[in-house]
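Scroll down for the structure; my scribbles are underneath it.
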Amino acid sequence: ANISTSATAFIAYYEDFIEQVTVSGTFLPPPAAPTVFQFINLGEVEVSGYEAKLDARWDSGFSLTVAASTARGDQVNLGVKSPLPSIEPFKFVGGVRYDDPEGMFGGQAIMTYSGQKDSDRIPATLCAPSCFTPDGFTILDLTAYWNITDDATLRVGVFNVFDEKYTWWGDVRGVASTSAVVDAYTQPGRNASASFVYRF
């Protein structure tokens, strides 16, 4: 097998870091209370974390990819230190792929896991009375292709195979736990797609 790995640890310091924040509203559509966002400058920001990845490929056509990433951020504004809420929780992606050595067909299965945002990494002032923090989740996507001829390719996919109800932290950052519209931020359930490409 041909195996390659990489790992990166990082730490970064910023001054006048630009962050998008919620300044008013409750995420309800007009005329109720639409949410207003604003970009502001934070005094100081420190972000640290790591990323790791492994790729393995075999002559048989099989390949494996595994990747993980996590980060932690803190902000200092007007002398007060607090967590940086825009940092995403821990994420893990693992995928198995097969490509026919003759180039006729192939497919892959990709599993994605996202952890839950730690409550102690959410500033107390971000939401009132508290923030909605979606549960961690695992989703599975399946895709395949078939090169019917040198010029024609059929692709199909089934996404969120287990029909998981899930929400990305970045989509609900700033949404209160008491909000009546948190379900509006969920991602699609099980869904499928197909495409046909012909190259002239």
Side-chain angles (χ1 to χ4, degrees), residues 6-12 14 17-28 33 35 37-40 42 44-54 64-77 80-96 108-143 157-191:
S6 63
T8 303
F10 62 89
I11 184 169
Y14 305 88
F17 185 86
I18 298 176
E19 175 87 336
Q20 178 179 288
V21 300
T22 303
V23 295
S24 65
T26 56
F27 291 85
L28 293 174
T35 300
F37 297 95
Q38 181 179 337
F39 288 95
I40 66 171
L42 302 177
E44 299 175 14
V45 166
E46 176 185 318
V47 179
S48 59
Y50 73 83
E51 299 175 350
K53 185 176 182 180
L54 179 146
L64 171 70
T65 298
V66 176
S69 63
T70 190
R72 177 188 177 97
D74 290 292
Q75 58 182 323
V76 178
N77 206 30
V80 178
K81 183 177 181 180
S82 61
L84 186 67
S86 56
I87 300 297
E88 293 287 339
F90 173 79
K91 186 177 182 180
F92 174 88
V93 178
V96 177
Q108 63 179 346
I110 300 176
M111 185 200 74
T112 302
Y113 168 78
S114 176
Q116 184 178 33
K117 183 73 173 179
D118 291 334
S119 59
D120 63 353
R121 300 305 303 164
I122 303 173
T125 57
L126 183 62
C127 312
S130 61
C131 287
F132 170 65
T133 53
D135 294 333
F137 60 84
T138 302
I139 56 174
L140 176 67
D141 299 325
L142 304 175
T143 60
V158 180
F159 305 96
N160 193 3
V161 173
F162 298 116
D163 201 25
E164 180 82 3
K165 182 179 180 179
Y166 70 101
T167 307
W168 296 106
W169 164 250
D171 291 340
V172 294
R173 175 168 52 96
V175 178
S177 57
T178 54
S179 172
V181 295
V182 292
D183 280 349
Y185 297 91
T186 57
Q187 295 297 306
R190 185 186 302 112
N191 63 99

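This is a predicted model, so every value here is computed, not measured.
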Any donor-acceptor N/O pair, [X] side chain to [Y] backbone, under 3.5 Å:
X    : Y    : value
Q108 : V96  : no
D163 : R190 : yes
K117 : F132 : no
R121 : G73  : yes
W169 : P85  : yes
D74  : K81  : no

List the atom of [X], the atom of [Y], and the distance in Å for their closest heavy-atom pair.
X    : Y    : result
D118 : I122 : O-CG1, 3.6 Å
T167 : Y185 : CG2-O, 3.4 Å
P134 : V172 : CD-CG2, 3.7 Å
A68  : F92  : CB-CD1, 4.1 Å
A128 : A176 : O-CB, 3.5 Å
E51  : S69  : CG-CB, 3.9 Å

* To do: Please indicate whether I18 has more than 12 foreign heavy atoms, meaning atoms of other residues, nucleotides or ligands, lying under 6.0 Å from its CD1.
  =>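 Open: at most 12 neighbouring heavy atoms sit under 6.0 Å from CD1 of I18.
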* Is the number of heavy atoms from other residues, nucleotides or ligands under 6.0 Å of F162 CZ greater than 12? ->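 No - once you tally the heavy atoms of other residues, nucleotides and ligands closer than 6.0 Å, there are 12 at most.
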Measure the spacing between [atom1] of [X] and [atom2] of [Y] and express it to the nearest 0.5 Å.
X    : Y    : atom1 : atom2 : result
R72  : I87  : CZ    : CD1   : 10.5 Å
I139 : D141 : CD1   : CG    : 5.0 Å
I11  : E46  : CD1   : CD    : 4.0 Å
F17  : N77  : CZ    : CG    : 12.0 Å

* **Evaluation steps, side-chain contact (heavy atoms from CB on, under 4.5 Å), between T112 and K91** => CA-CA 7 Å; T112 302; K91 186 177 182 180; 3.9 Å; yes
* D183: what forms a salt bridge (charged side-chain N to carboxylate O under 4.0 Å, His left out) with it, not counting sequence neighbours? ->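 So D183 forms a salt bridge (charged side-chain N to carboxylate O under 4.0 Å, His left out) with K165.
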* Partners passing salt bridge (charged side-chain N to carboxylate O under 4.0 Å, His left out) against E88 (at least two apart in sequence or in another chain) ->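 For E88 there are no salt bridge (charged side-chain N to carboxylate O under 4.0 Å, His left out) partners, ignoring immediate neighbours.
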* Asked: If we only count heavy atoms from C-beta on, is the Y14 to V47 side-chain gap below 4.5 Å?
  ->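 Y14 vs V47: side chains touch.
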* Carefully, step by step, assess F159 and Q187 under the rule side-chain contact (heavy atoms from CB on, under 4.5 Å). => CA-CA 11 Å; F159 305 96; Q187 295 297 306; over 6 Å; no
* To do: Look at the aromatic rings of F137 and W168 and report parallel, tilted or perpendicular, splitting at 30° and 60°.
  =>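 Aromatic pair F137/W168 classed perpendicular.
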* **Contacts of type side chain to side chain contact (heavy atoms under 4.5 Å, CB included), residue A109, not counting sequence neighbours** =>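 Result, side chain to side chain contact (heavy atoms under 4.5 Å, CB included) vs A109: L140, L142.
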* To do: Go through the steps to decide whether I110 and V93 satisfy the test side-chain contact (heavy atoms from CB on, under 4.5 Å), and finish with yes or no.
  => CA-CA 7 Å; I110 300 176; V93 178; 3.8 Å; yes
